[in-house]
Amino acid sequence: MLYTKEVMKHFQHPHNQGVIKDADSVGEAGNPVCGDVMKIYLKIVDKKTGSKTKKVIKDVKFETLGCAAAIAVSSALTDKIKGMEIEKVLKIQKDDIIKDLGGLPPAKIHCSMLGLEALDEALKEYKK
Ligand code: FES
């Protein structure tokens, strides 16, 4: 299976790996087919722009037990959302992450969902 240079870079040296002990929200997702699991930790702050206050992801960490693609996706996704407004985070699609990684082999496309599902869970949990 051929991975792009970008996938290998994120897999071999993942960014944002670890735990945020005082996270504002935690989300977890698993892939029942392969058994891979991802947990994502979010630190969210208010950011004032003019008269509006927006919620921003100040920090994000992940723990992923999974394949190379799942780890690369977790690393690329967490890089992308760090510092981003939640409104914009909600618009991220799996194709955006696949593009950031320069593509994924067809058999690994489903791995890109793991990160987004964990993120979705964390944001739902935060809204509660
Ligand atoms: Fe399970 Fe990639 S094979 S997420």
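In listed order, ligands and their atoms are each counted from 1. Values reported hereafter were calculated over all heavy atoms of this structure, with side chains retained and with hydrogens, waters and symmetry mates removed.
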Original post:
Roughly how far apart are Leu90 CG and Glu85 CD, rounded to 0.5 Å?
Top reply: 11.0 Å
**OP:** Run the salt-bridge test on Asp46 and Lys55 with the 4.0 Å N-O cut-off and return the result as yes or no.
**Re:** yes
Subject >> Exceeds 12 heavy-atom contacts within 6.0 angstrom, atom NZ of Lys58 >> reply: no
**OP:** Inspect the contact between Asp100 and Lys80 and indicate whether a charged nitrogen and a carboxylate oxygen are less than 4.0 angstrom apart.
**Re:** yes
Subject >> Any Asp36 side-chain heavy atom under 4.5 Å of Thr64 side chain >> reply: no
**OP:** Please list, in chain and residue-number order, the protein N/O/S atoms closer than 2.8 Å to atom 2 (Fe) of ligand 1.
**Re:** Cys67 SG, Cys111 SG
Subject >> Rounded distance (nearest 0.5 Å) linking atom CG of Asp24 with atom CD1 of Ile44 >> reply: 5.5 Å
